[in-house]
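Every value quoted in this text rests on a predicted model; they were computed, and no experiment measured them. Chain letters run A, B, ... following the sequence lines, proteins first, then strands; residues in each count from 1.
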Amino acid sequence: MSCKYTITSGLPYANGPLHIGHIAGAYLPADIYTRVRKLSGDDAIYICGTDEYGVPITITAEKEDVSPRVIVKRYHQEIKEGFKNLNIQFDNFSGTSNLHNKHHAALAREFFTELKKNDYISSKIDDQLHCKECDRFLADRYVEGTCPKCGNDEARGDECSVCNAQYTVMELGSPKCKLCSNGTLSKVPTKHWYLKLDVLQAKLEEWIDSKDYWKENVVNFVKGWFKDGLRERAITRDLHWGVPVPLNDAAGKVLYVWFDAPIGYISSTIEWAEKQGDKDKWKEYWQNPDAKIVHFIGKDNIPFHSIIWPAMLIGQKKDYQLPWHIPANEYLNIGIDGEEGAKASTSKGNVVWVNDYCKHFAADYLRYYLALNAPEKSDFTFTWKDLQARCNNELLGVLGNLANRVLKFIGSNFEGVIPTPEDLDARDNEVLEKIQHSVAKVTKSYDNFEVRQAVAEVVNLGRVGNQYFDEKAPWKTAKSDRKVCGNTLYVTAQLVHKIVLLLTPVIPESCDKLWKQLGYENGISSWDELQKDLPAGQKIHKPQGVFSKIEDKVIQQMEENLRNASQTEQEQPKVELVPLKEDKISYDQFSALDIRMGKVLEAEKVAKTKKLLHLKVDIGHEVRQIIAGLAEHYTPEELIGKTVPVLVNLEPAKIRGLVSEGMVLCADIDGQAITLHPGKKVCPGATVR
RNA sequence: GGUGAAGUAGCUCAGUGGUAGAGCAGUGGAAUCAUAAUCCAUUGGUCGGGGGUUCAAAUCCCUCCUUCACUACCA
């Protein structure tokens, strides 16, 4: 029976390019699932677009001194390109700003208005910082001031870069605007609106309870939130880059980016409907109880899709359907074969960019490898060597070789015509049954979002084919017994036929080529073919190798690139020059500081902490106990015996129950502490002036 | 320290109560239809440690250790 499916993947944020982690978690599984649904005769649409509002984009824009539109346009293009190169096919790919979608803002406003009408939105007025020069309210990250805890003058809005204290921006001393650098900030009351999630909790819990078929990790996560109790959540911000809040008293305010982003799924569908020439058609996919809505996301996106987004939909009191399934995936890590601890991290440059990949390899290799290793239940570690091995051994060795040897054999011994089976023996029938069994297993796995199992089973089928072919040795029977030989080729041709069909959602391009080699004129359009045989008597086309071997040289090059990327990032950290302090201090203030050279006598990690070292430092007059946050940068052994400057008259403080009587002074390279050592020998207790 | 996830063969991973698995890598063989692609055989594991429940535990319970992600500790 045919069903309707509305399939989406988390909207990629238009502030950077795609890497293969994105693909493995959210886009490839969705693309494969959509293809499966369509092949099965379901009415499925795959909807996506870039997420184009919010603060990070405005920051990038300001760094480059361009409008946010320029940034959005650039990355929208780049991301779209990446998807196209990897054959990720959307029915519609839009974007949330009016640059790409003229329906989005209106729909987002409607969502807000409706929630407000139904009393799911509250508002309150709080003080926020306002810059007179720029004439605007400032988001936390645009504010700089004095840390309320450590007195650091360059503390960020919500967190101090020196002592890492967290606070609200209101606690910051003498706050300044980072944008115009001399703007004086004043606290001005401003109104914001909140989604009353607490009111919706009971309904959400009831809904989640019906999801016994969801993945455990998703359900557990959501239940954790319920346990703590849902809280109101701000859905507006003082910002210009976003959807304006549709209220009279909301000038200069926009909807928070996470509020409008999921609405992008619907607005993109509206755009699609319009292109179809039936502008109300989107309702069949969002307001129809028979439509199954599936959101593919990475695990970081679980709270938004399984709590906040459904809450927004419930609050509409319209016919919106809640998600049917949210198959959240785990993460992809990047490793280098034979080297340790290389975990994926964009900031370390330890990342494989989609557009880089596509310069060197065909889409199907990555699609195959990521489908086979989809991070469905746990994180997965990608390595280039493994990709090479899998593609060469399985894609080329098992599957490609099977297709090639069978088709070539039919070409040279049966004039390129599929032989007619005659008196099949027990072994032949056994293989034919195995094919049916695998077809059932694979389609079921696809239906259950178990792509890796589906792919593994197809490869298995390929192995069975090679085994059978070797066993039957048709190159011998071709001379001795043509009937048996024909049967063998008939059976293996059926195997190839089914393998090609089953793998087409994963590697569509290659399967399409093979399909045509099997003698079909048109591409694969339906899995009805799975129930049919490759007809005896069909004339095949001349086979050509579809997969080529991935050479060591290219893989070594890719590994080298990866290694270089992570090293340059690690060894040459970009230091953003912190602006000079403008406030002058008196000599008296300076001389109030008692800084001495101290020799580290003992050092050990404070138990059960990551960053803290327990130091005993000889400062001449006495030995001080100092607790320093250096454990991530230095081992105790590296510090023992070193002479370093110490601020000794800082008032003692208790850290994790231990009294710290001073502070080791270090250079700060983007949070990395670097110890300072005197150029000549200095005895402990020497003053520093 | 809190929360969550994980620890199974050299590597990447399956396996949720019933004789420890796959692929790759390693070793030994066979075959020559096929892009040297295949096939057969084989080496390799006190399933992180310890305790418990059970006739039976990789699997359930307790505890400890380690790793990862968020988070806390940075005077």
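Across the protein-nucleic acid pair, A:Leu396 atom CG and B:A36 atom P stand 9 Å apart, rounded to whole Å. B:A41 atom C1' lies 15 Å from atom CG of A:Asp470, rounded to whole Å.
Side-chain nitrogen and oxygen atoms of A:Thr477 include none within less than 4.0 Å of the OP1 or OP2 phosphate oxygen of B:C33. Between A:Thr381 and B:C13, a side-chain N or O to OP1/OP2 separation shorter than 4.0 Å is present. Side-chain nitrogen and oxygen atoms of A:Lys377 include at least one within less than 4.0 Å of the OP1 or OP2 phosphate oxygen of B:G15. Considering only side-chain N and O atoms, A:Gln467 lies under 4.0 angstrom from the phosphate OP1 or OP2 of B:C40.
In this structure, A:Asn392 and A:Lys479 both approach RNA chain B, and ranking their closest nucleotides by distance from the 5' end singles out A:Lys479. Of the residues near RNA chain B, A:Glu471 and A:Trp475, the one whose nearest nucleotide (by heavy atom distance) lies more toward the 5' end is A:Trp475.
To the nearest whole angstrom, the two P atoms, one in B:C60 and one in B:C47, are 16 Å apart. Rounded to a whole angstrom, the distance from the C1' atom of B:A57 to that of B:A72 is 37 Å. When the P atom is used for both B:G7 and B:U59, the distance is 12 Å, rounded to whole Å. Here, B:A58 and B:A9 have their C1' atoms 14 Å apart, quoted to the whole Å. On the P atoms, B:U19 is 15 Å away from B:A56, given to the nearest whole Å. Remark: the separation of the P atoms in B:A6 and B:U42 is 34 Å, to the nearest Å. Remark: the separation of the P atoms in B:C64 and B:C74 is 26 Å, to the nearest Å. B:U32 and B:A14 have their C1' atoms separated by 34 Å, given to the nearest Å.
As judged by a 4.0 angstrom heavy-atom cut-off over every strand, A:Phe380 is placed among residues touching the sugar-phosphate backbone only. Residue-level contact check: A:Asp379 touches the backbone only, with heavy atoms under 4.0 Å from sugar-phosphate atoms and none from bases. A:Asn404 comes within contact range of at least one nucleobase, with a heavy-atom separation under 4.0 Å. Using a 4.0 Å heavy-atom distance criterion, A:Val664 is classed as making no nucleic acid contact. The residue A:Gln544 sits apart from the nucleic acid: no heavy atom pair falls under 4.0 Å. Within 4.0 Å of A:Gly397, counting heavy atoms only, lie sugar-phosphate atoms of the nucleic acid but no base atom. Backbone-only engagement by A:Ala628 is indicated by non-hydrogen atom pairs under 4.0 Å involving sugar-phosphate atoms exclusively.
Side-chain atoms of A:Arg405 lie closest to B:C33 of the nucleotides B:U12, B:U32, B:C33. Looking at the side chain of A:Phe469, the nearest of the listed nucleotides B:C13, B:C33, B:U38 is B:C33. Set against B:A34, B:C13, B:C24, the side chain of A:Arg452 has B:C13 as its closest nucleotide. In this structure, the nucleotide among B:G23, B:U38, B:A37 sitting nearest to the side chain of A:Lys549 is B:A37. With B:G23, B:A37, B:U12 as the choices, the nucleotide that has an atom nearest any side-chain atom of A:Asn401 turns out to be B:A37.
Without hydrogens or angle criteria, A:Asp594 side chain to A:Val648 main chain gives no donor-acceptor distance under 3.5 Å. Although no hydrogens or angles enter the test, the distance criterion places no donor-acceptor pair under 3.5 Å between the side chain of A:Asn392 and the main chain of A:Lys549.
Under the 6.0 Å distance and 45° angle rule, A:Lys299 counts as a cation-pi partner of A:Tyr331. Taking the centre and axis of the six-membered ring of A:Phe414, the NZ or CZ atom of A:Arg482 falls inside the cone set by 45° and 6.0 Å.
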Legend entry - Intra- and inter-strand pairs of RNA chain B in dot-bracket (Watson-Crick or G-U wobble, both distances under 3.5 Å; | for another strand): ((((((((.[[[[.)..(..]]]].(((((.......))))).....[[[[[..)....]]]]])))))))....
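No more than 12 heavy-atom neighbours from other residues, nucleotides or ligands sit within 6.0 angstrom of CZ on A:Arg231. More than 12 heavy atoms of other shown residues, nucleotides or ligands fall within 6.0 angstrom of atom NZ in A:Lys472.
Salt-bridge formation is detected for the pair A:Asp470/A:Arg405: a Lys NZ or Arg NE/NH1/NH2 atom is positioned less than 4.0 Å from an Asp or Glu carboxylate oxygen.
Ring to ring, A:Phe380 and A:Tyr369 are close: their centroids are under 6.0 angstrom apart. Checked against the 6.0 Å centroid criterion, the rings of A:Phe361 and A:Trp384 qualify as a close aromatic pair.
Under the 30°/60° scheme for interplanar angles, the aromatic rings of A:Phe469 and A:Trp475 are found to be tilted.
For RNA chain B, the neighbouring residues in residues 457-465 of chain A, judged by any heavy atom under 4.0 Å, are A:Arg463.
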Return a table of donor-acceptor pairs under 3.5 angstrom between the side chains of residues 539-546 of chain A and protein atoms on other chains or two or more places apart.
from, atom 1, to, atom 2, distance (Å)
A:Lys539, NZ, A:Glu415, O, 3.3
A:His541, ND1, A:Lys516, O, 2.9

